[in-house]
Amino acid sequence: MLSGIQFPRSSAAPYGRSSSHGCLRHSGHQQVEVQTLITPRWLVPVQPMAVLEGHGVAIDNGRITAIVPPDALSSIQAAERIDLPQHVLMPGLVNTHTHAAMSLMRGMADDLPLQTWLEQHIWPTEARFASEAFVHDGTQLAMLEMLRGGTTCFADMYFFPDAVARAVDAAGLRAVVGMILIDFPTAWAADADEYLAKGLAVQDATRDMPLVSTMFAPHAPYTVSDAPLQRVRTLSDELDRPVQMHVHETAFEVQQAQDQSGSRPLARLDALGLLKPGFMAVHMTALTDDEIELCGRRGVSVVHCPESNMKLASGQCRVSDLLAAGVNVALGTDGAASNNDLDMFGEMRSAAMLAKLTQGQATAFSAAEALHAATLGGARALGLDHEIGSIEPGKSADLTAIALDHPATWPVHQPLSQLVYAAGRDQVTDCWIAGQQLLQAGRVQGMDEQQIMERAAQWAERMQEPA
Ligand SMILES: CSC[C@H]1O[C@@H](n2cnc3c(O)ncnc32)[C@H](O)[C@@H]1O
Ligand SMILES: [Zn+2]
């Protein structure tokens with residue numbers, strides 16, 4: 001049995017909101033009426049980190065109303081009943097750091113270190129092509145990949161966040177879109193004033209989008225100067241919005257900052273008052289013991305992107321030490337141009353494997369810790385843990401089902417182990433977001449897959465033309 005996993009209570013009654021809250025309605029003969037009842041073979045609520053066999057999840061109006069133990073299932077009358085006989089049902093995966101539209105750039109520049117990759121390949125390509133249409137179409141493509149891989153929520157940092165928000169709202173996924181900020185002019189904005197004004201306009205526009213919210217997204221310490229960062233700090237406090245930034249991505253970044261300014265990037269951000277709960281530091285390699293302790297004290301979250309860190313040879317993030325210091329750890333894929341996929345199953349597995357290798361300890365970053373980071377850790381980092389990240393009564397029904405009756409994951413001794421160390425994203429069969437089933441027995445609902453793929457192919461043709 002895996003350590004740290006608590007096992008279910010043995011209560012015979014559904015534990016959830018009672019009828020007095022209006023969520024479970026009792027009819028005659030002690031029957032409870034619900035809109036939807038999902039009955040997987042295994043349920044992994046994440047909070048608690050347990051494996052419950054034979055339980056059901058009751059859903060009404062997009063919310064989880066009860067976790068129903070096996071001997072109480074006969075008391076549930078569901079308008080819709082979905083049996084998942086050899087599946088795990090778990091919270092939808094939260095990809096806490098993406099550049100979704102970069103899916104259109106996948107494979108354009110591989111096997112390069114970060115600075116060369118960004119400065120000589122990615123930024124010139126973005127200067128040529130990043131536009132509202134490019135970002136809209138690229139985000140749609142990324143959402144297809146993410147949904148098919150069990151991701152129901154993502155946090156995106158990219159140009160034209162208005163187009164990202166529009167695409168997300170139309171598709172019905174959940175996302176936190178970045179109000180980006182960078183010291184150089186781009187097709188999105190000319191200077192800090194315009195980046196912030198346009199970001200805040202996106203925030204206004206998302207008020208009518210129930211599953212879309214915003215975060216401030218200054219790019220990195222080496223591309224955003226102090227004055228705009230001070231404004232981000234003030235605005236994030238006033239508007240109660242999280243902040244996400246690439247921080248300490250490479251040892252080179254840290255050394256360069258030290259050489260140029262005498263202080264390390266994290267120390268500079270702390271002096272600017274940015275290190276606080278709601279701050280998400282993405283990558284976080286080359287950390288000292290003192291910096292890890294500082295992160296714990298300040299209540300910041302770290303978004304670990306192990307595959308991007310490995311592929312760009314950026315460095316190691318000391319996730320086990322961060323967890324030990326009380327730091328909330330989330331997982332992100334980064335963009336498909338540096339990973340090169342948006343596969344959170346792959347990311348969980350890589351995170352667990354890499355931590356064991358770098359720590360020299362097989363116990364480092366367990367399957368349970370990887371799954372937590374990919375769900376509730378991400379939700380917490382984004383300030384959405386009251387709503388998503390675990391299967392608990394009262395939370396939104398953002399759920400992912402994975403079929404384990406596959407040669408790669410059969411037979412099943414420990415479902416959690418199968419999820420992190422053996423399952424592939426192709427085993428994801430169903431996803432719900434706020435109770436809406438967007439992936440149904442492997443079929444995407446509400447997005448025109450063929451059209452999205454055709455548009456992506458058209459972009460590739462244009463991008464391959466000489467500049
Ligand atoms: C301001 S929009 C986001 C900006 O970030 C670039 N980007 C993508 N991946 C990374 C990375 O790993 N480190 C730093 N910057 C990255 C992206 O291409 C956009 O220009
Ligand atoms: Zn990134």
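This one's a predicted model, so the numbers in the text were calculated from it and none came from an experiment. Just so you know, ligand 1 is whichever comes first in the structure, and atom 1 is the first atom listed for that ligand.
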Participant: So among Gln437, Arg443, Gln440, which one has a side-chain hydrogen bond (donor to acceptor under 3.5 Å, both in side chains) with Asp430?
Facilitator: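 Exactly one candidate clears the test, Gln437.
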Participant: Quick check: His248 with His283 (ring centres under 6.0 Å apart)?
Facilitator: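 No: the rings miss the under 6.0 Å criterion.
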Participant: Can you list the steps and then say if Phe184 with Trp123 is a ring pair (Phe, Tyr, Trp, His ring centres under 6.0 Å)?
Facilitator: CA-CA 11 Å; Phe184 54 80; Trp123 281 340; 5.2 Å; yes
Participant: Please produce the table of protein N or O atoms sitting under 3.5 Å from N or O atoms belonging to ligand 1, one pair a line, distance to 0.1 Å.
Facilitator:
{"from": "ligand 1", "atom 1": "5 (O)", "to": "His219", "atom 2": "NE2", "distance (Å)": "3.3"}
{"from": "ligand 1", "atom 1": "9 (N)", "to": "His99", "atom 2": "NE2", "distance (Å)": "3.3"}
{"from": "ligand 1", "atom 1": "12 (O)", "to": "Glu249", "atom 2": "OE2", "distance (Å)": "2.7"}
{"from": "ligand 1", "atom 1": "12 (O)", "to": "Asp334", "atom 2": "OD2", "distance (Å)": "2.9"}
{"from": "ligand 1", "atom 1": "13 (N)", "to": "Glu249", "atom 2": "OE1", "distance (Å)": "2.6"}
{"from": "ligand 1", "atom 1": "13 (N)", "to": "Glu249", "atom 2": "OE2", "distance (Å)": "3.3"}
{"from": "ligand 1", "atom 1": "15 (N)", "to": "His219", "atom 2": "NE2", "distance (Å)": "2.8"}
{"from": "ligand 1", "atom 1": "18 (O)", "to": "Glu126", "atom 2": "OE1", "distance (Å)": "3.3"}
{"from": "ligand 1", "atom 1": "18 (O)", "to": "Glu126", "atom 2": "OE2", "distance (Å)": "2.6"}
{"from": "ligand 1", "atom 1": "20 (O)", "to": "Trp123", "atom 2": "NE1", "distance (Å)": "2.9"}
{"from": "ligand 1", "atom 1": "20 (O)", "to": "Glu126", "atom 2": "OE1", "distance (Å)": "2.7"}
{"from": "ligand 1", "atom 1": "20 (O)", "to": "Glu126", "atom 2": "OE2", "distance (Å)": "3.4"}

Participant: Tell me whether the centres of the aromatic rings in His99 and His219 are closer together than 6.0 Å.
Facilitator: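 Between His99 and His219, the centre distance exceeds or equals 6.0 Å.
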Participant: Do Asp259 and Gln255 meet the criterion of a side-chain donor-acceptor pair at a distance under 3.5 Å?
Facilitator: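 The criterion, which ignores hydrogens and geometry beyond distance, is satisfied for Gln255 and Asp259.
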Participant: Name whichever N, O or S atom of His99 ends up nearest to the Zn ion (ligand 2).
Facilitator: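 The His99 atom nearest to the Zn ion (ligand 2), restricting to N, O or S, is NE2.
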Participant: Before giving the answer on ring pair (Phe, Tyr, Trp, His ring centres under 6.0 Å), spell out for His97 and His304 the whole-Å C-alpha distance, their side-chain angles and the decisive distance to 0.1 Å.
Facilitator: CA-CA 9 Å; His97 180 66; His304 181 34; over 10 Å; no
Participant: Does His283 bring an N, O or S atom to within less than 2.8 Å of the Zn ion (ligand 2)?
Facilitator: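 For His283, the answer is no, given that no N, O or S atom comes within less than 2.8 Å of the Zn ion (ligand 2).
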Participant: Of all N, O or S atoms in Asp334, identify the one at the shortest distance from the Zn ion (ligand 2).
Facilitator: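 Checking each N, O and S atom of Asp334, the shortest distance to the Zn ion (ligand 2) belongs to OD1.
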Participant: For Gln436, does the CD atom sit with more than 12 other heavy atoms under 6.0 Å from it, leaving out its own atoms?
Facilitator: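 For Gln436, atom CD is not crowded (no more than 12 foreign heavy atoms under 6.0 Å).
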